[in-house]
Amino acid sequence: MRLSKKTLIIIGVFFISSIILLKISLDSVYRLPILMYHSIDYTTDKKNKMMISPEVFAKQMRYLHDHGYNVIPLEKALSYIRDRKKPPAKTVAITIDDGYDDNYVYAYPILKEYHISTTIFIITDLVNKEGFMNWKQIKEMSESGIIDIESHTKSHLWLTGLNDDDLKDQLQGSKKILEEKLGKEIKYVCYPMGGFDERVKQAAREAGYRAGFATKPRRMFTMYDVYEIKRVRISPTADNPLVFAIKISGYHSFIRAFQSEHKDRPYLLWKRKRSS
Ligand SMILES: [Zn+2]
């Protein structure tokens, strides 16, 4: 009888400890999902990872809306990141890069319908060019209360390869143009093709940006540096509801990092390197 009681206590302590450890482990790899879209249009090129159809986009926005997701503006997402606080479950943020005209034609009506906050990063040199939005459309969205317009530099160059003057021009120039055209502060920059280094981050800071957004999630990034915010790419594969569910879970970056770390030695999982 005594032994049985002792055993039960041990099992109970073990069980509770396991739950606590699992919770701590999950919390440590959680990253607020900031989704990254590009073009929302029709394409016949199945290999185009940057374009999803308006139907798929509508389906995904409807899913977020119908399943009670809290789609927060970037400002709010950044406050969680700065404060190192885990947001409530089902929190996501949405960004769209490059400023294609399909954003206005297809994405904007859907975002309005579900009242979903979204940030669009604009390449100022491409405004009014074929395939891209014009200032009238950008201004209308900026004043809608739903879309936040931010900078994707002047001409979408690989920033780490630029000299200091050109880098400054790309960052400060686009900020100035957008602020003049839209009459609001431009707070964030999105690095073209995700290219950044410490010099680019410093230049973004000096240009007056409060945060810098990258593209591809690297290995286990800290996510606390607001000048290298990683995002989750939504490509056509996310048409699969399971893939989309993983991408908005907050654990996608961890799964990706784990996959890439083990891709060459799938049978040696226990020998995982501890370097970070
Ligand atoms: Zn881009």
Side-chain angles (χ1 to χ4, degrees), residues 32-41 52-83 85 87-124 126-128 131-153 174-190 204 207-213 226 229 231-232 234 244 247-248:
L32 198 165
I34 300 176
L35 310 185
M36 171 180 63
Y37 290 89
H38 287 83
S39 183
I40 290 107
D41 206 345
I52 66 163
S53 74
E55 281 77 14
V56 170
F57 185 73
K59 197 167 80 178
Q60 292 172 349
M61 295 305 110
R62 197 181 314 119
Y63 182 91
L64 295 175
H65 176 266
D66 293 353
H67 289 80
Y69 276 79
N70 185 22
V71 184
I72 56 173
L74 279 191
E75 188 159 0
K76 183 78 182 152
L78 284 163
S79 75
Y80 282 117
I81 293 164
R82 278 197 202 95
D83 298 345
K85 273 173 64 183
K90 294 188 172 183
T91 298
V92 299
I94 295 177
T95 62
I96 308 179
D97 290 10
D98 300 341
Y100 295 108
D101 55 3
D102 57 57
N103 291 184
Y104 181 82
V105 176
Y106 296 118
Y108 182 44
I110 296 164
L111 293 167
K112 269 197 297 191
E113 183 183 346
Y114 296 111
H115 212 83
I116 289 180
S117 287
T118 298
T119 294
I120 300 183
F121 291 109
I122 298 290
I123 305 159
T124 52
L126 296 183
V127 177
N128 291 342
F132 292 85
M133 291 188 284
N134 60 42
W135 284 117
K136 189 170 172 285
Q137 294 166 328
I138 293 169
K139 196 164 170 54
E140 182 192 325
M141 291 197 300
S142 177
E143 290 170 354
S144 68
I146 295 172
I147 309 292
D148 177 33
I149 300 291
E150 299 293 344
S151 168
H152 198 16
T153 73
S174 58
K175 187 175 192 303
K176 190 164 175 284
I177 294 164
L178 285 165
E179 288 179 345
E180 280 171 6
K181 291 282 185 186
L182 305 176
K184 64 151 210 154
E185 185 190 354
I186 298 300
K187 298 176 182 170
Y188 315 124
V189 64
C190 169
Y209 291 107
R210 299 181 193 196
F213 290 79
V226 291
I229 302 281
R231 294 174 295 158
V232 180
I234 303 296
F244 187 65
K247 293 206 171 200
I248 59 176

For residues 176-185, run the donor-acceptor check on the side chains, cut-off 3.5 Å, and write out each pair with its distance to 0.1 Å, sequence neighbours left out.
unit_1, atom_1, unit_2, atom_2, d
Lys176, NZ, Glu180, OE2, 3.2
Glu179, OE2, Lys175, NZ, 2.8
Glu179, OE2, Ile186, N, 2.9
Lys184, NZ, Asp148, OD1, 2.6
Lys184, NZ, Ile149, O, 2.8
Lys184, NZ, Glu150, OE2, 3.3
Glu185, OE1, Arg210, NH2, 2.8
Glu185, OE2, Arg210, NE, 3.3
Glu185, OE2, Arg210, NH2, 3.1

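In this structure, NE2 on His115 lies 10.5 Å from CG on Leu111, to the nearest 0.5 angstrom.
Ion pairing between Arg231 and Asp97 holds under the 4.0 Å rule for side-chain N and carboxylate O.
The side chain to side chain donor-acceptor pair (under 3.5 Å) check on Asp98 picks up Tyr100, His152, His156, with sequence neighbours excluded. Residues satisfying the side chain to side chain contact (heavy atoms under 4.5 Å, CB included) test with Ser79, not counting sequence neighbours, are Lys76. The side chain to side chain contact (heavy atoms under 4.5 Å, CB included) test applied to Val127 returns Ile122, Trp135, Ile138, not counting sequence neighbours. In this structure Tyr104 satisfies the ring pair (Phe, Tyr, Trp, His ring centres under 6.0 Å) test together with Tyr108, sequence neighbours excluded. Residues satisfying the side chain to side chain donor-acceptor pair (under 3.5 Å) test with His38, not counting sequence neighbours, are none. Partners of Tyr114 according to the side chain to side chain donor-acceptor pair (under 3.5 Å) rule, which considers only residues two or more places apart in sequence or in another chain, are Arg62. Residues forming a ring pair (Phe, Tyr, Trp, His ring centres under 6.0 Å) with Tyr37 (at least two apart in sequence, or on another chain): Phe57. Lys136 meets the side chain to side chain contact (heavy atoms under 4.5 Å, CB included) test with Asn134; sequence neighbours excluded. Residues satisfying the side chain to side chain donor-acceptor pair (under 3.5 Å) test with Ser39, not counting sequence neighbours, are Asp102. For Glu113, the side chain to side chain contact (heavy atoms under 4.5 Å, CB included) test picks out no residue, with sequence neighbours left out. Residues forming a ring pair (Phe, Tyr, Trp, His ring centres under 6.0 Å) with Tyr69 (at least two apart in sequence, or on another chain): none.
Using cut-offs of 30° and 60° on the angle between ring planes, the pair Phe213 and Tyr188 is perpendicular.
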